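Have a look at the structure below, then the notes.
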Number of protein chains: 2
Amino acid sequence: MVQKAKPTNRAPKVVDVARLAGVSTATVSRVLNDPEKVSQNTREAVLAAVKETGYRINRAARNLRTNSTRSILALVPNLSNPFFSNILSGLERALNAEDYSLLVTDSGDAPLTPDQMDRLIAAGQADGLIVLDGSISQADFAEVQANNPSCPIVFACEWVNDVNCPSVRADNVGGVATLVDHLWENGHRRFGHVMGPTSNVLSTVRRDAFVTRVSELGGETRNPWILQGTFSIDAGRAAAEAISAMSDRPTAWICASDQIAFGLISGLTRAGINVPDDASVAGFDNIEMTEVFNPPLTTIHQPRNKMGHQAAQSILELIRGQENRAQVHILPVQLVNRESTGPAPR
Amino acid sequence: MVQKAKPTNRAPKVVDVARLAGVSTATVSRVLNDPEKVSQNTREAVLAAVKETGYRINRAARNLRTNSTRSILALVPNLSNPFFSNILSGLERALNAEDYSLLVTDSGDAPLTPDQMDRLIAAGQADGLIVLDGSISQADFAEVQANNPSCPIVFACEWVNDVNCPSVRADNVGGVATLVDHLWENGHRRFGHVMGPTSNVLSTVRRDAFVTRVSELGGETRNPWILQGTFSIDAGRAAAEAISAMSDRPTAWICASDQIAFGLISGLTRAGINVPDDASVAGFDNIEMTEVFNPPLTTIHQPRNKMGHQAAQSILELIRGQENRAQVHILPVQLVNRESTGPAPR
DNA sequence: TGTTTTGTTGTAATCGATTACAAAATGGTA
DNA sequence: TACCATTTTGTAATCGATTACAACAAAACA
């Protein structure tokens, strides 16, 4: 019977394996990295020696020599946001499957400065960067890219305009249009929108899609019916206050996130405006809680795990030189029709 | 005026800095790691050279030489769970402040095998491990610890019993007792509990605390009133079905997590049992959504960020040899009294 | 002034894997 | 058998920082 890795005092290295297998370190290394380059016999001998010694590669040494780290750094605006953690989850699994690991940095809701980003990149802790933060200005980002021309970067979910990086995102335009259509079919003709922060691409893209679709259908919206805020519950509540003070208001509200919708509905209800009887409210994201919220929220489902997965694929292909720098992956979304929307009041 | 780092084709190394400053590489390294060991003059010269060359340390080389990585690996059962991401957030910030970075591994809700854990640890990618997963069996964990006696490990939030590692957790017993007391004061005398998975420490600790406190007060609970499940919304819904089929049931329910409570309330409502008029329901965790849920959820607030922060401190101290291996940090919790609980129906 | 102590700096070995290049073994063919 | 092509293996340099040790200089002391 084969012995379990014997308790050595020192961690075994390639030389130990090589000695035991009666080959050179080069051969051991080859067995581990390019098995086909080695004859079957020696390969088996080496693998046996690896098992017997309990050898585990020293990453630092390999990283130094190969000038790579087999890890990817994700830049997240706010880790405590469940939306991001879902994407990270998909990301992490896809990376792990390829023997890459995931480093996470929380930029703390304040967009990173170019200098901070340079430092993160130059730290040489990662082979690539996945940016989940769309609040970075185009100029700042261009600077970072210019300073680090060889650093593979992929955007996931959010992105920065006019930057030459692969990007993975949901079909935001289609999603918003679907919501408008859904409300339109329910007889609504006057539409309002609660945006995220104006500094964020998603906010503006969704707002524009909203305005476009409403006008295509011939519906009505007005500037004061488009409220700005953040993607948070609190922003939704604040919007509710503003709305309840309006003398003349839309019957249908589309929110830029589910959290906004929660706050909005909560606030409207408190103000005596019943959802969906007096006003319909739709969200965006389909986070887990939408289902048990009262009323269950009509929203757009984003394939979060898939987005993480695709982002992982893209960055790996970029690292391997197979990905087109300008590739934009737009993943389809789906309307989830629940009970926060209904027929327009007459 | 000082030039910005000039665009070299090759990343500058210590030798480049040394040459420019007219000193040896040893001196450069000393300036960067032990500034006091170097005279003021040379120190300034070196720092100037660092700035001029735009030198950034190569971590792989340093890691190899010092046999450390300045990064910490967090083992998370499920990244998409908002509860964990909040802790990670606190963790990441505290680590970053000390120039450590955070690696994340999602064990995918299936507890890791000892072998998988060994591999993660031995990969030498991290100087320490923060375990957020309490579903690992005591035997498995003991094995891992025996195999890696020198690896600093800290538990956060969840933990494994009878293991000699620092642990950071909320006051689960106190929290549950507070909930029971709160319901008791509202006139409830018959109590039920919806647990998490039995394999999880938190589940059993909370369940035991529940049983203990109810009996201390002289209240009533029975085995069939203690339902098992997972920490999920779905489990709460399933519990609601079971409950609505009971002929004789408690008036007060304490759930092991907010998510369970959401599912439970949603299910009870659907079954025609009104919360809080017909039954009171309390959660545990105080996740963000509790506030806008309808009815707003009475729950126990856990200091999630603080837990992450404390876990970071503990692991750093452990790495530096200052932390007591058996230290248990129990952070205080708070009752958040909202509207899902009320007077017992008569 | 000579001797010791203290403080500062440099030389060169070292961490552990990968890989260019060369050498050896193998197989195929005339 | 001799020759060439191909496959397999080994030798030793290399990645870039840290640090033990030694050397030197400056300060303190007798």
Side-chain angles (χ1 to χ4, degrees), chain A residues 8-50 53-71 99 122-127 150, chain B residues 8-50 53-71 99 122-127 150:
Chain A
T8 37
N9 26 12
R10 219 175 23 73
K13 327 176 200 180
V14 261
V15 276
D16 301 317
V17 176
R19 194 151 25 222
L20 185 61
V23 299
S24 72
T25 60
T27 301
V28 173
S29 177
R30 277 189 283 255
V31 169
L32 265 26
N33 298 308
D34 270 313
E36 325 79 56
K37 298 255 168 220
V38 162
S39 78
Q40 168 129 17
N41 280 342
T42 40
R43 192 189 317 157
E44 281 166 6
V46 168
L47 289 178
V50 166
T53 54
Y55 170 77
R56 295 267 171 66
I57 198 174
N58 178 317
R59 296 230 180 196
R62 181 219 259 165
N63 292 351
L64 173 58
R65 184 54 228 245
T66 62
N67 194 30
S68 74
T69 63
R70 299 209 134 236
S71 63
D99 195 26
Q125 293 184 99
D127 297 345
S150 63
Chain B
T8 38
N9 26 12
R10 216 173 29 72
K13 327 176 204 183
V14 261
V15 277
D16 301 317
V17 176
R19 195 152 24 225
L20 184 63
V23 298
S24 73
T25 59
T27 300
V28 174
S29 176
R30 278 189 282 255
V31 169
L32 265 27
N33 298 309
D34 269 313
E36 326 79 56
K37 298 255 167 218
V38 163
S39 78
Q40 170 127 18
N41 281 341
T42 40
R43 196 189 316 160
E44 279 166 6
V46 168
L47 289 178
V50 166
T53 54
Y55 171 77
R56 296 267 172 69
I57 197 174
N58 178 318
R59 297 228 179 197
R62 181 219 259 166
N63 291 352
L64 174 58
R65 186 55 229 243
T66 62
N67 195 29
S68 74
T69 62
R70 297 211 136 235
S71 62
D99 194 26
Q125 294 182 99
D127 296 347
S150 63

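All of these numbers come straight from a predicted model, not from anything done at the bench. Letters go in sequence order (proteins before strands), and every chain restarts at 1.
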task = State plainly whether the residues Arg19(A) and Asp16(A) are in salt-bridge range, i.e. N to O under 4.0 Å.
result = yes
Side chain proximity check, Asn63(A) to Asn63(B), heavy atoms < 4.5 angstrom = no
inquiry  = For a 4.5 angstrom cut-off between non-hydrogen side-chain atoms, does Leu47(A) reach Val31(A)?
reply    = yes
Neighbours of DNA chain C within residues 25-42 of chain B, by heavy-atom distance under 4.0 Å = Thr25(B), Ala26(B), Thr27(B), Arg30(B), Val38(B), Ser39(B), Thr42(B)
ask   = Roughly how bent is the helix from dT1(C)-dA30(D) to dA30(C)-dT1(D) end to end, in steps of 10 degrees, with each end axis from five pairs?
value = 40°
key: First-last contacting nucleotides on DNA chain D - partner chain B, under 4.0 angstrom, heavy atom   = dG16(D) to dT19(D)
task = Pick base, sugar-phosphate or nothing for Val23(B), based on heavy-atom distances below 4.0 Å to the nucleic acid.
result = sugar-phosphate
ask   = Below 4.5 Å, heavy atoms only, C-beta onward: do Val38(B) and Val46(B) meet side chain to side chain?
value = no
query = What heavy-atom pair brings Arg70(A) and Asp127(A) nearest, and what distance separates the two atoms?
reply = N-OD2, 2.8 Å
query = Closest heavy-atom contact between Ala21(A) and Ala45(A)?
reply = CB-O, 4.0 Å
request  = Please figure out whether Gly22(B) or Leu64(B) has its closest DNA chain C nucleotide nearer the 5' end.
outcome  = Gly22(B)
ask   = Looking only at heavy atoms, which two atoms of Ile57(A) and Arg62(A) are closest? And how far apart?
value = CD1-NE, 3.5 Å
Where Thr25(B) and Ala18(B) come nearest, the two heavy atoms and their spacing = N-CB, 3.8 Å
query = Does Ala61(B) offer a backbone N or O that forms a donor-acceptor pair with the side chain of Asn58(B) under 3.5 Å?
reply = yes
query = So do the side chains of Val50(A) and Leu32(A) get within less than 4.5 Å of each other, counting heavy atoms only?
reply = yes
